[in-house]
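What follows is a single structure, written as structure tokens, with notes after it.
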Amino acid sequence: PRRAVISAAGNQEIDELLALLKNHDAAQFQQRLQQTLARQGLGRFVMDTVAPLTRQVGQAWEDGRFAVFEEHLFTELTKRVLRQAIASLPPPNGRPCILLTSVPDEPHVLGLLMAEALFALEGAQCVPLGAQMPLLDIAHATAAHRAEIVAMSFSSAFPARRVAPVLAQLRNLLPDEVALWVGGAGVAQTAVPPDVTYLSSLAAGIDALRTWNAMRAG
């Protein structure tokens with residue numbers, strides 16, 4: 001079937017990208033990413049290439065097949081390609097305004113960048129604050145930008161026992177009408193507070209945004 005053929009092609013693409021990283025061929029890796037982006041378009045590129053590639057690199061790092069510097073190179077080059085792609089999108093056509101950031105001690109931003117790309121494609125106005133933002137500053141930025149949603153990401157490296165308390169603390173600092181969305185591998189095994197929306201995947205993030213827009217339009 002055609003889907004199996006596409007999936008095999010996708011796996012081969014990812015294997016080849018991993019091999020370029022392993023060979024420390026940074027220029028070729030970045031060029032290959034850009035070619036894939038041009039071919040797939042930003043939405044599919046994020047879902048079908050960057051997301052599975054990120055999982056594979058994370059796995060390879062955990063298994064000891066990738067050195068720390070190789071994982072860092074992957075992250076930096078992929079962030080560069082995503083940022084360029086986001087910067088070249090047309091200006092947002094409306095709402096909501098989404099603030100994207102992570103809490104202190106959570107330096108990983110690749111998940112946030114993937115979400116930003118997909119939210120921006122849906123026409124949302126994204127305000128990226130980068131990583132490790134103090135909670136009070138997130139609250140101040142939310143007010144300053146009149147953000148309607150705060151989106152956060154937790155990687156598996158973040159201590160699981162700290163996720164719920166930090167989310168509860170942030171939830172208390174934000175106005176009731178501001179939605180708090182969280183995703184990432186670090187949240188998967190944790191119960192989030194009841195007034196926080198857990199996004200189990202990038203696709204769930206798109207669904208949540210479309211639902212948000214539909215409710216406001218209705």
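All values reported here derive from a predicted model rather than from experimental measurement. Each residue takes its place number in the sequence, starting with 1.
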Over all atoms of both residues, closest heavy-atom pair of Val127 and Cys97: CG2-SG, 3.8 Å
hydrophobic_cluster_shared for Val50 and Ile14, side chain cutoff 4.5 Å: yes
Separation of Leu21 CG from Gln56 CD (nearest 0.5 Å): 11.5 Å
Distance (rounded to the nearest 0.5 Å) between Leu42 CG and Met47 CE: 11.5 Å
Atom of Val178, atom of Leu174 and distance for their closest heavy-atom approach: CG1-CD1, 4.4 Å
Validation row: Leu82, Phe45 side chains within 4.5 angstrom (heavy atoms): yes
hydrophobic_cluster_shared for Leu129 and Leu113, side chain cutoff 4.5 Å: no
Leu53 and its side-chain contact (heavy atoms from CB on, under 4.5 Å) partner, picked from Asp15, Asp48, Leu18: Leu18
Within residues 181-208 or reaching into it, pairs that qualify as side-chain hydrogen bond (donor to acceptor under 3.5 Å, both in side chains) - sequence neighbours excluded: none
Residues in side chain to side chain contact (heavy atoms under 4.5 Å, CB included) contact with Arg95, at least two apart in sequence or another chain: Glu148, Trp212
Contact summary for Ala115 and Leu100, nearest pair of heavy atoms: CB-CD2, 4.2 Å
Sequence neighbours excluded, every pair satisfying salt bridge (Lys or Arg N to Asp or Glu O under 4.0 Å) that has a member inside residues 153-178: Asp105-Arg162
Same apolar cluster (I L V M F W Y, side chains within < 4.5 Å links), Val187/Ile138: yes
Remaining members of hydrophobic cluster (4.5 Å side-chain criterion), Phe69: none
Note, Ile98 side chain near Leu209 side chain (heavy atom, < 4.5 Å): yes
Partners meeting side chain to side chain donor-acceptor pair (under 3.5 Å) with Gln40 (sequence neighbours left out): Thr49
side-chain hydrogen bond (donor to acceptor under 3.5 Å, both in side chains) pairs, two or more places apart, involving residues 112-141: Glu122-Arg210
Hydrophobic cluster membership, Val46 vs Leu110, 4.5 Å side-chain cutoff: yes
Those residues that, when tested against Glu70, pass side chain to side chain contact (heavy atoms under 4.5 Å, CB included) (two or more places apart): Lys22, His24, Phe66, Ala67
CZ (Arg146) with more than 12 external heavy atoms under 6.0 Å: no
Worked verdict on Leu167 versus Val182 for side chain to side chain contact (heavy atoms under 4.5 Å, CB included): CA-CA 9 Å; Leu167 286 174; Val182 294; 3.3 Å; yes
Where Leu112 and Ala151 come nearest, the two heavy atoms and their spacing: CD2-O, 3.7 Å
Which atom of Leu89 lies closest to which atom of Ala117, heavy atoms considered: CD1-O, 4.5 Å
Partner set under side chain to side chain contact (heavy atoms under 4.5 Å, CB included) for Ala19, not counting sequence neighbours: none
Pairwise distance CG(Leu121) to CD1(Ile206) - rounded to 0.5 angstrom: 8.0 Å
Name each donor-acceptor pair under 3.5 Å that joins a side chain in residues 27-37 to protein atoms two or more places apart or in another chain, with its distance.
residue: Gln30; atom: OE1; partner: Arg80; partner atom: NH1; Å: 2.9
residue: Arg32; atom: NE; partner: Glu13; partner atom: OE2; Å: 3.2
residue: Arg32; atom: NH1; partner: Glu16; partner atom: OE1; Å: 3.2
residue: Arg32; atom: NH2; partner: Glu13; partner atom: OE2; Å: 3.4
residue: Arg32; atom: NH2; partner: Glu16; partner atom: OE1; Å: 2.3
residue: Gln34; atom: NE2; partner: Gln84; partner atom: OE1; Å: 3.2
residue: Thr36; atom: OG1; partner: Glu13; partner atom: OE2; Å: 3.2
residue: Thr36; atom: OG1; partner: Arg32; partner atom: O; Å: 2.8

Heavy-atom closest contact (Ala131 atom, Val109 atom, distance): CB-CG1, 3.3 Å
Under 3.5 Å: donor-acceptor pair, side chain of Thr78, backbone of Thr75: no
Heavy-atom check, side chain of Thr54 versus side chain of Val57, under 4.5 Å: no
Please tabulate, one pair per line, all N/O donor-acceptor pairs under 3.5 Å involving side-chain atoms of residues 152-160, not counting sequence neighbours.
residue: Ser155; atom: OG; partner: Glu106; partner atom: OE1; Å: 3.3
residue: Ser155; atom: OG; partner: Glu106; partner atom: OE2; Å: 2.9
residue: Ser155; atom: OG; partner: His108; partner atom: ND1; Å: 3.2
residue: Ser155; atom: OG; partner: Ala157; partner atom: N; Å: 3.3

For Arg65, side chain to side chain donor-acceptor pair (under 3.5 Å) partners two or more places apart: Asp63
hydrophobic_cluster_shared for Val196 and Met133, side chain cutoff 4.5 Å: yes
Close side-chain approach of Leu99 and Ile149, heavy atoms under 4.5 Å: no
